[in-house]
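Only this structure's heavy atoms are used, side chains among them; waters, hydrogens and symmetry mates stay out. We count ligands from 1, going down the list as the structure has it; atoms in each ligand are counted the same way.
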Amino acid sequence: MPILRFLRLKRTSMVVTRFAPSPTGHLHIGGLRTALFNYLWARKNGGKFYLRIEDTDSKRNCQEASEAILKAFEWVGLDFDGEIVYQSQRLKVYQEHIQRLLDQGKAYYCYMDKQELEALREAQRARGETPRYDRRYRDFKGTPPHNQPVVRIKAPLSGAICFDDGIKGAVAVQAKELDDFIIARADGTPTYNFVVSVDDALMGINVVIRGDDHLSNTPKQLILYEALGFTPPKFYHVPMIFNEYGHKLSKRDGAMGVMDYKALGYLKEALLNFLVRLGWSYGDQEIFGLAEMTNLFNPDDLNSAPSCFSLHKLDWLNTHYIKESPTDRLKTLLKDFGCNPLEKLPPFKQEVLLQALKARCATLKQMALSIQEILTPPSTYELNKLKNLEGACKALEPLTFHPDLFSSPESLEDFLHAFMQEHGLKSAALMLPLRLALLGKAGGIGLKDALFILGDQESQKRLKAFLVVVGADKIH
Ligand code: GLU
């Protein structure tokens, strides 16, 4: 007894979690959210966070998908402990445990083939019963038929399988709802619930946070824990993420892969912050850096209602994190978006441009596009924004940009004010036409910044081109 108590204490003294994706496609954001919750809880408690690739289903899994998962992990910076566990490399371990259960009489060979099973189900349906394996080989002592048997677990015949889920509360499933389910197929390969239970136990996992689509697997896994003599972990079944139309998000939801968000120009901090808030909250706080969320996260605070995915919210967070990023980091990140025009500017102009765009862009992609737009002479002008085209051209005509004005955006601002005073112009009468002449559009970065970035020659050139295009020479 004292030894048992010691083992128990040792087991529970450190939080050990895992993320166990089946590599059937890219890592979608629902998967990353599960990983993040497990990661945070392990890190908060100074515990372990393991990565296990559930790749036993060789038909559906592929190497590429495993690599895609690792790539996504690397991007967002979730580090895991130890070596990655690949289930496909552990068949021997599973087979040993299956054999152990057979030897202990806790599992048995079942020789029913597919046709027999189907006939049984058909008859049960005809009698209005729920189709279910009838345990006919559970205590079979006769001469076995020649077909390859499956291995079935001896599930309890009465009572209930109960557990206290950290999110759902008390869950109980009547034993009669479950049959002696298969743990090894006729070809000897173990089934899903079996490998998950064996691995979680052998890896010392004591907290499992996963999607509630796995809730119905848990009673089966608990039966296996009991049969194998392992202590089950604490389970937290997290409600799904719904999309804005109230439907479940799935891997097939197009651009829902983690790396798609990178390609769209989201920062990893924004994505992680967004994901942690899908199902978890801490008062009204919206902004959480990784260190802070690690400090505050507790799976006991996870919401029992489904969370709603809002791109608007993600954009809002991304704008925040872009604004907070040093411009050097943005320069590096923008390279991924083929932002070559930026590199043609001298560093001090790059700085002004990025500072000017930082608070205005929801994504890096938008930022790259804005840079491209600003540094390319306009080919069209939003002339419909001007009330008086003739007046606008007249206001712009005398404007000459001397190189000396371009020492800073502020000196350009002073110059524009002095120019307006000298020519008796109101701010809007100069600023809007000038903005259209330089950038083609009414909105965008501050005019003084735009002028400074373009420089005297380019500004003058764009101004001249505008006056030609809108027919200034004919206006006189
Ligand atoms: N491999 C399962 C999945 O990708 C997760 C299993 C688990 O978390 O227990 O959905």
Next on the checklist: I'd like to check which ligand 1 atoms, numbered from 1 as shown, lie under 4.0 Å from a non-hydrogen atom of Tyr192.
Outcome noted: 2 (C), 5 (C), 6 (C), 7 (C), 9 (O)
Next on the checklist: Using a 4.0 Å cut-off to any heavy atom of Pro21, which atoms of ligand 1 qualify?
Outcome noted: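 In order of number, 1 (N), 4 (O).
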Item to check | Closest to atom 8 (O) of ligand 1 (judged by heavy-atom distance), picking from His28, Arg18, His214 | outcome: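 The residue whose heavy atom sits nearest atom 8 (O) of ligand 1 is Arg18.
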Checklist outcome for this item: So for Phe19 against ligand 1, with non-hydrogen atoms under 4.0 Å, the contacting part is neither
Checklist entry - With backbone taken as N, CA, C and O and side chain as the heavy atoms from C-beta onward, which portion of Ser22 lies under 4.0 Å from ligand 1: side chain, backbone, both, or neither? => result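 Looking at Ser22 and ligand 1, atoms from backbone and side chain both fall under 4.0 Å.
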Checklist entry - Ala20 to ligand 1: N or O pair under 3.5 Å? => result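 N/O-N/O distance below 3.5 Å exists for this pair.
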Checklist entry - CD of Gln372 to CE of Met367: how many Å apart, nearest 0.5 Å? => result 14.5 Å
Checklist entry - Is a side-chain donor-acceptor pair under 3.5 Å present for His214 with Asn217? => result yes
Checklist entry - Looking only at side chains, do Tyr108 and Asp139 share a donor and an acceptor under 3.5 Å apart? => result no
Checklist entry - Do the rings of Trp280 and Phe297 sit parallel, tilted or perpendicular, given the 30° and 60° boundaries? => result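 Plane angle between 30° and 60°, so tilted.
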Checklist entry - Angle class for the Phe73/Phe49 ring planes (parallel below 30°, perpendicular above 60°, tilted otherwise)? => result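 The arrangement is parallel - the two ring planes meet at less than 30°.
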